[in-house]
Amino acid sequence: MTVAEAEREAPSDFVRSIVRDDIAAGRTAEPVTRFPPEPNGYLHIGHAKSIVLNFGVAGEFGGRCHLRFDDTNPVKEETEFIDSIQADVRWLGYDWGEHLHFASDHFERLYEWAEHLVREGKAYVDDSSADEIRAMRGTLTEPGTESPFRGRPAEESLDLLRRMRAGAFAEGARVLRARIDMASGNVNLRDPVLYRILHAGHPRTGDAWCIYPTYDFAHGQSDAIEGVTHSLCTLEFADHRPLYDWLVDNLPVPTRPRQYEFARLNLAYTVLSKRRLIRLVEEGHVAGWDDPRMPTLAGLRRRGVPPEAVRDFVRRVGVARADNLVDPALLDHCIREGLNATAERRLAVLRPLRVVIENWPEGETGMLTARNDPNDPGAGGREIPFGREIWVERDDFMEDPPRKFHRLAPGREVRLRYAYFVTCTGVEKDENGEPVLLRCIYDPATRGGDAPDGRKVRGTVHWVSAAHAVPAEVRLYDRLFSVPEPGAGGDFIADLNPESLIVLKDCMLEPSLAAPDAAPVQFERQGYFRPDPDSRPGGLVFNRVVALRDSWAKIRAKED
Ligand code: ATP
Ligand code: MG
C-alpha cells in the first residue's frame with residue numbers, strides 16, 4: 001500500500017465503531033474529540049498516534065477536534081513547550097481552528113464546582129500531610145482508612161477551601177479531597193485529591209491562583225465544558241474512568257463526555273516517556289529535543305522525515321486495546337516508501353576514494369545527463385560534469401573480492417552511473433595497506449552507461465567529479481538504543497547505542513547540491529538525505545533520513 005492509498009482508505013477500529021454506533025443511535029450528532037498534551041515536554045511519535053486518532057476520527061465523522069493544554073501543574077510546564085506542541089501538531093497536518101483550549105481557561109469554573117461538591121457533602125478539606133494521605137490510601141488488597149478530617153462539616157471545609165484559594169496556607173498544608181469510598185476496590189475512588197496548594201506562577205494565569213486542580217479533577221470537567229463527546233486516552237487511565245464518571249455525574253456539567261482507552265504506542269529501541277526524554281536532553285546524551293535521533297516530532301522533522309510518513313506509520317500500527325511493541329523498521333519502511341515517491345536522485349560519495357581515469361584527457365570536462373528519478377521519466381534530468389579524477393565509494397572497491405562482489409576490483413569492468421564503463425587497472429595503497437588511489441581506463445563508446453556491442457557489466461557504482469565536487473559533512477543516524485526495551489535491565493542510559501551518530505566529514509557531493517533546498521533527496525544507492533539547519537555557506541551538513549536497504553549487506557548476511 002502506498003502512502004496515498006493508506007490515506008484514502010478509511011481506517012476501522014474499535015474507537016470508530018463506538019463513534020459510528022453513537023451516531024447511528026442518535027447519541028452523538030457530531031463527535032468532538034480533543035488532543036490533551038501536558039506542556040511539560042516536546043511531542044513524540046507516541047503523541048502522534050493520539051493526534052492522528054483524535055483528529056482523524058473527528059474529520060471522518062464530520063466533527064471537530066480541540067487542542068487542549070492540560071496545564072494544571074505549573075511547576076513543570078513552560079511556554080516553550082506550549083509553542084513547540086502547536087508547531088508540531090500543525091506540522092503533522094492538523095488544524096484545531098478556533099478550538100485552542102487550556103485547562104487553565106476553566107480554572108474559575110472548576111473552582112466553583114469544587115465548592116459545589118463541598119456544599120453537597122461530596123468533598124472535604126483534609127489537613128493531613130501527603131505522607132499521611134498516602135499511608136491512609138491502603139493497597140490493592142487492603143482497603144484504605146478514613147481521614148480524621150473526613151467528617152468535617154461542609155461550612156468548615158468551604159471556609160478552609162476559600163482560604164486555601166486566598167493563599168492563607170503553606171504548600172502541602174491542606175488538600176481538597178472528594179468524599180467517595182475509602183473501601184473501594186479501585187484506589188482512585190478512595191477520596192482522591194482534587195486540589196493542592198502550589199505557590200507557583202503559572203505560564204498563563206500568572207499569580208492568580210495558588211491552588212491547582214489535579215489531572216482527574218480538570219480533565220473530564222474540561223471535556224464537559226468544551227462539549228467533548230469522546231475523550232480518548234491511553235490504557236493507564238482505564239482505572240481512572242470510574243472517577244471520571246463520578247465527577248461528571250456529581251457536578252452540574254453542561255454535557256456528558258465519555259472516556260475510552262486505547263493502547264499507547266511502544267516503539268522498540270526507543271524511549272517514549274517524557275521523564276526519560278527530558279533526562280536525555282538535560283544530561284546531554286543528545287543535542288536537544290530536536291536531535292534527529294530523538295523520537296520527538298521535532299527530531300523527526302529535523303532529520304527530514306515527512307509528516308505523511310509519520311501519519312502512514314501510525315495508521316498502519318492501528319488502534320487497539322492490547323499493548324504491543326512496534327518494530328521501528330516499520331517506521332523506516334513508511335519513510336522510504338514516502339520519500340521514494342517524492343525525492344529527487346543525486347550522486348554523492350560518503351567515504352571517498354580517488355580514481356584517476358588514465359585515458360581521459362587532462363583538464364577536460366565532459367557533461368553527462370543524470371535522471372532526477374530513474375523510475376519517473378517526467379521528473380527530468382540534469383547535467384553532471386565528468387573528468388579525469390573522480391571520487392568513488394571506498395566500499396565499492398575490493399582488492400581481492402569474493403565471487404558475488406560485483407563492484408570495482410583489479411581487472412574488473414563496472415558501469416559508472418550515467419557515465420561510462422571503466423576497468424580498474426591498478427591500486428595504490430598507503431603504508432597500512434589501505435587503498436588511496438585507483439587507476440582505471442574508460443571506454444568512450446559506452447557514454448551514458450550502455451555498451452553498443454551489448455557487453456554487460458554486473459555492477460554500477462556512483463561517483464562525483466573531483467574537480468567539481470561539493471564537500472559536505474554527512475551525519476548518519478542509527479537507533480539511539482542498542483536493545484529493544486531500554487532500561488529493562490537497569491538504568492536506560494546504560495543501553496544507549498554508542499554508535500547512534502556517525503559523522504562523516506569529507507563527503508563529496510555532485511555540484512547541483514551546492515545550494516540545496518530543504519526537501520530530502522536520495523543519494524543513489526545509499527539512502528535519503530536532507531540538509532541540516534547547522535549548514536552554513538561553505539559548510540554544508542546533511543542528515544541521513546533513512547538508509548536504502550543495502551543489497552550487498554543482505555548477500556553478506558546470507559553467506560555468514
Ligand atoms: P508521559 O507519560 O511520557 O509523560 P503523557 O501521556 O503524560 O506522556 P501527555 O502530554 O499527558 O503525555 O499526553 C497527551 C496525550 O497523548 C494523552 O492523551 C496521552 O494518552 C497521549 N499519549 C502519550 N503518549 C502516548 C503514546 N506513547 N501512545 C499513544 N498516545 C500517547
Ligand atoms: Mg500525562
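What you are looking at is a predicted structure, and each value in this text was computed from that prediction instead of being measured.
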Keeping the roles fixed (side chain from Arg351, backbone from Arg394), state whether a donor-acceptor pair exists under 3.5 Å. no
Show your reasoning for whether side-chain hydrogen bond (donor to acceptor under 3.5 Å, both in side chains) applies to Arg549 and His333. CA-CA 10 Å; Arg549 265 158 308 184; His333 172 80; 4.8 Å; no
Could I get the full list of side chain to side chain donor-acceptor pair (under 3.5 Å) partners for Asn497, not counting sequence neighbours? none
For Phe217 and Leu176, what are the C-alpha separation, side-chain angles and deciding distance, and is it a side chain to side chain contact (heavy atoms under 4.5 Å, CB included)? CA-CA 11 Å; Phe217 193 60; Leu176 180 73; over 6 Å; no
Identify all side-chain donor-acceptor contacts of residues 320-329 below 3.5 Å with residues at least two apart in sequence or on another chain.
| unit_1 | atom_1 | unit_2 | atom_2 | d |
| --- | --- | --- | --- | --- |
| Asp323 | OD1 | Asn266 | ND2 | 3.4 |
| Asp327 | OD1 | Ala329 | N | 2.8 |

Side chains of residues 516-527: which donor-acceptor partners sit under 3.5 Å, not counting sequence neighbours?
| unit_1 | atom_1 | unit_2 | atom_2 | d |
| --- | --- | --- | --- | --- |
| Asp517 | OD1 | Ala519 | N | 3.3 |
| Gln522 | NE2 | Tyr528 | OH | 3.1 |
| Glu524 | OE1 | Arg417 | NE | 2.5 |
| Glu524 | OE1 | Arg417 | NH2 | 3.0 |
| Glu524 | OE2 | Tyr418 | OH | 2.7 |
| Arg525 | NE | Thr460 | O | 3.4 |
| Arg525 | NH1 | Asp396 | OD2 | 2.8 |
| Arg525 | NH1 | His462 | ND1 | 2.9 |
| Arg525 | NH2 | Asp396 | OD1 | 3.1 |
| Gln526 | NE2 | Ala348 | O | 2.7 |
| Gln526 | NE2 | Glu393 | OE1 | 3.1 |
| Gln526 | NE2 | His462 | NE2 | 3.0 |

Result for salt bridge (Lys or Arg N to Asp or Glu O under 4.0 Å) between Arg301 and one of Asp88, Asp532, Asp291 points to Asp88
How many angstroms lie between atom CG of Asp95 and atom SG of Cys65, to the nearest 0.5 angstrom? 10.5 Å
Is there a side chain to side chain contact (heavy atoms under 4.5 Å, CB included) between Cys334 and Glu337 once you walk through the steps? CA-CA 5 Å; Cys334 294; Glu337 200 174 90; 5.8 Å; no
When you measure from the side chain of Arg303 to the backbone N and O of Val545, does any donor-acceptor pair fall under 3.5 Å? yes
Do the two ring centres, one from Tyr244 and one from His240, sit under 6.0 Å apart? no
What is the distance from atom CG of Leu235 to atom CZ of Phe262, rounded to the nearest 0.5 Å? 8.5 Å
Is Arg204 positioned over the aromatic face of Phe102, cation under 6.0 angstrom from the ring centre and no more than 45 degrees off axis? yes
Would a line drawn from the ring center of His230 to the ring center of Tyr260 be shorter than 6.0 Å? yes
Between Leu504 and Glu473, is there a side-chain heavy-atom distance shorter than 4.5 Å? no
Residues Ser231, Arg34; criterion side-chain hydrogen bond (donor to acceptor under 3.5 Å, both in side chains); working and verdict: CA-CA 7 Å; Ser231 185; Arg34 84 287 166 269; 3.2 Å; yes
His47 side, atom NE2; Asn54 side, atom CG - distance, nearest 0.5 Å: 11.5 Å
Test ring-ring contact (aromatic ring centres under 6.0 Å, His included) on Phe237 and His219; report intermediate values, then the result. CA-CA 11 Å; Phe237 292 102; His219 202 89; 7.3 Å; no
Spacing of Leu513 atom CG and Met508 atom CE [to the nearest 0.5 Å]: 13.5 Å
Pairs meeting criterion salt bridge (charged side-chain N to carboxylate O under 4.0 Å, His left out) with involvement of residues 482-502, two or more places apart: Arg279-Asp491
If you draw a 6.0 Å radius around CG in Asn186, do more than 12 non-hydrogen atoms from other residues or ligands fall strictly inside? yes
Nearest 0.5 Å, what's the CG-CZ distance between Leu194 and Arg179? 11.5 Å
Face-on cation placement of Arg68 at Phe35 ring, 6.0 Å and 45° thresholds: no
Hey, what do you get for CG (Leu501) to CZ (Arg475), rounding to the nearest 0.5 Å? 7.5 Å
Do Ile197 and Val175 have side-chain heavy atoms sitting under 4.5 Å apart? no
Cation over ring, Arg293 on Tyr477, under 6.0 Å and within 45°? no
For side chain to side chain contact (heavy atoms under 4.5 Å, CB included), just list the numbers for Phe313 and Leu267, CA-CA rounded to whole Å, side-chain angles, deciding distance to a tenth of an Å, and then say yes or no. CA-CA 12 Å; Phe313 166 71; Leu267 201 53; 3.8 Å; yes
Could you walk me through whether Phe481 and Thr270 pass the side chain to side chain contact (heavy atoms under 4.5 Å, CB included) test, one step at a time? CA-CA 6 Å; Phe481 293 92; Thr270 309; 5.7 Å; no
Test side chain to side chain donor-acceptor pair (under 3.5 Å) applied to Ser128 - qualifying residues, sequence neighbours left out: Asp126
Can a side-chain donor-acceptor contact be found between Tyr42 and Glu80 if the only test is distance below 3.5 angstrom? yes
Can you name the salt bridge (Lys or Arg N to Asp or Glu O under 4.0 Å) partners of Asp131, sequence neighbours left out? Arg134
Exactly one of Phe61, Tyr94, Trp96 should register a ring pair (Phe, Tyr, Trp, His ring centres under 6.0 Å) with Phe55. Which one does? Tyr94
May I ask you to say whether Arg190 pairs ionically with Asp181, meaning some side-chain N is under 4.0 Å from a carboxylate O? no
Any Leu43 side-chain heavy atom under 4.5 Å of Thr296 side chain: no
Matching residue for Asn40 among Glu77, Glu78, Lys274 - test: side-chain hydrogen bond (donor to acceptor under 3.5 Å, both in side chains): Lys274
Give a yes-or-no answer on whether the side chains of Ser500 and Asp478 include a donor-acceptor pair shorter than 3.5 Å. no
Leu67 side chain near His101 side chain, heavy-atom distance below 4.5 Å: no
